[in-house]
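Down below is the structure, laid out as structure tokens.
These numbers come from a predicted model, not from an experiment. Here is how names work: the chains are called A, B, and so on, in the same order as the sequence lines, proteins then strands, and each is numbered from 1. Just so it is clear, the values below take in all heavy atoms, side chains as well, and ignore hydrogens, waters and symmetry mates.
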There are 2 protein chains.
Amino acid sequence: MNVQLEDISGKRETVLNSTLALIKEHGFHGTPMSMIAKHAGVAAGTIYHYFDSKETLILELYIYVKDRLAMAILANDDAAMPYKDRFFNLMINQFNFYIGNPDALLFLEQYVNSPYAKNYPLNDSQIFIDKVHTFFNYGIENAYFRNIDPRLLAPTVKGTLVAAANIQLSQHTAFSDEDVIEIINIVWDGIKRQ
Amino acid sequence: MNVQLEDISGKRETVLNSTLALIKEHGFHGTPMSMIAKHAGVAAGTIYHYFDSKETLILELYIYVKDRLAMAILANDDAAMPYKDRFFNLMINQFNFYIGNPDALLFLEQYVNSPYAKNYPLNDSQIFIDKVHTFFNYGIENAYFRNIDPRLLAPTVKGTLVAAANIQLSQHTAFSDEDVIEIINIVWDGIKRQ
DNA sequence: TGTTACCGAATGAACGTTCAATTAGAAGAT
DNA sequence: ATCTTCTAATTGAACGTTCATTCGGTAACA
């Protein structure tokens, strides 16, 4: 398929990207290994050189996507800036990542609600845990946020951003920068210390 | 299986309830028709007397569950009460429905992110649309809520409640009534007209 | 010459669906 | 009440397909 991509990233990443693209269209179980092989331009057997099974392929794809999400979220983060400004920057980055990678958005949403996530709860991106979780924990410890169960924060934030991204993607009209700020204000006004 | 339930509700509902219970454990794909048949105490062929295919079984199960969710949410709603009080009542009802029906919660979350929802976007509960959507539209028109895209409201609300319900279910310690109110306050503070 | 990467046809298990046969139940006739 | 007839409900073995995975072999490369 995409020879350039294949050349620079190797067949392993080519397979991961093909799987991501196909799952967007057909879902986990509408995507047979033969289809992935064809789309990636490799033989079916080759996939098993890099992944033990379809199941581990999905598990590793999740880490791969989540790593990329974590790095996108953290772009231009500056610990010297006010916490609220950093929060808004991270949220904007997250929104833009979803808009720029709709297949990743769809995959992540499917994954977290699938038996994979339930059966392998420890399978997650180390980068995401180290960096993004740390950022939120800092906000909790320093009382920028309401005094609530910290595990409520992330889903509250994510739910709104994902909803907004899905709306923009399903229509073909984009939210303005001001709209995005307003959306993040919904989140911030909900979770900030009142 | 459950003879009492079967007797009063008929085999169609028995099959629906078995499917719901099994999907919670094994997911869409991991739940073959033969397993549903066994769990429901009917022959495989009998399922096809009530449903055209596995696909339509899932589609009808979604309507069935969403109808029950809608009715649970609307319990004790009183149009004479202040809008904010009605809102809190509906949210508490929704949270309690998730807690009391974890299999429904898991199914709904899986469904909305599956190819079913993408391929059949018009397949939804009429009760839910008539009653719950109407309630939110009223809040938008009468300026109880921020002036934002109305489709952002529902996912924002749902995301937080679902997150809270999942936390309570995954641990085995319950949120207190005050905790639940606090959670709903997060939602309300985010979306209310400031 | 040994090792790694890659191929793709073959395999075998799993699964959704069908269907010919059986039973249950309702309606009607006597 | 009893028998007859017709339809709907139910069964589960069998079918055909799909799909993940295997494996014997070939090429690349060190």
Q) Rounded to whole angstrom units, what separation is found between the CE atom of A:Met35 and the C1' atom of D:dA20? A) 14 Å

Q: Please list all pairs passing the side chain to side chain donor-acceptor pair (under 3.5 Å) test where one or both residues lie in residues 68-80 of chain B, with sequence neighbours left out.
A: B:Arg68-B:Asn101, B:Asp77-B:Arg86

Q.
Without decimals, in angstroms, what is the distance between A:Phe51 CZ and D:dA20 P?
A. 15 Å

Q: If a pair satisfies side chain to side chain donor-acceptor pair (under 3.5 Å) and one of its residues is in residues 40-49 of chain B, list it, with sequence neighbours excluded.
A: none

**Q.** Atom pair distance, as rounded to whole Å: CD1 in A:Ile36 and P in D:dT21
**A.** 10 Å

**Q.** Carboxylate-amine/guanidinium proximity below 4.0 Å for A:Lys158 and A:Glu109
**A.** yes

Q | For A:Lys84, all residues meeting side-chain contact (heavy atoms from CB on, under 4.5 Å), sequence neighbours excluded | A | A:Phe88, A:Trp188

Could you pull out the protein-nucleic contacts involving nucleotides 15-20 of chain C (nitrogen or oxygen on both sides, under 3.5 Å)?
unit_1 : atom_1 : unit_2  : atom_2 : d
C:dG16 : OP1    : B:Lys54 : NZ     : 2.5
C:dG16 : OP2    : B:Met33 : N      : 2.6
C:dT17 : OP2    : B:Tyr48 : OH     : 2.7
C:dT17 : OP2    : B:Lys54 : N      : 2.8
C:dT17 : O5'    : B:Tyr48 : OH     : 3.3

Q. Once you round it to whole Å, what is the distance between C1' of D:dC19 and CD1 of A:Ile58?
A. 14 Å

Q: Between D:dT10, C:dA5, C:dC6, spot the one nearest the side chain of A:His49, thanks.
A: C:dA5

Q. When the ring planes of B:Phe135 and B:Tyr83 are compared, do they come out parallel, tilted or perpendicular, using 30° and 60° as the limits?
A. parallel

Q.
Can you confirm whether A:Tyr62 sits close enough to A:Tyr120 that some side-chain heavy atom of one is under 4.5 Å from a side-chain heavy atom of the other?
A. no

Contacts under 3.5 Å, N or O only, protein and nucleotides 21-23 of chain C:
none

(Q) Just to verify, what does A:Ile129 make a side-chain contact (heavy atoms from CB on, under 4.5 Å) with, not counting sequence neighbours? (A) A:Asp124, A:Gln126, A:His133

Q: Examine D:dA9: is either OP1 or OP2 under 4.0 Å from a nitrogen or oxygen in the side chain of B:Lys11? Give yes or no.
A: no

Q.
By the 4.0 Å heavy-atom rule, please label B:Tyr50 as base, sugar-phosphate, or nothing.
A. sugar-phosphate

**Q.** Option passing salt bridge (charged side-chain N to carboxylate O under 4.0 Å, His left out) with A:Asp189 (candidates B:Lys192, B:Arg193, B:Arg146)
**A.** B:Arg146

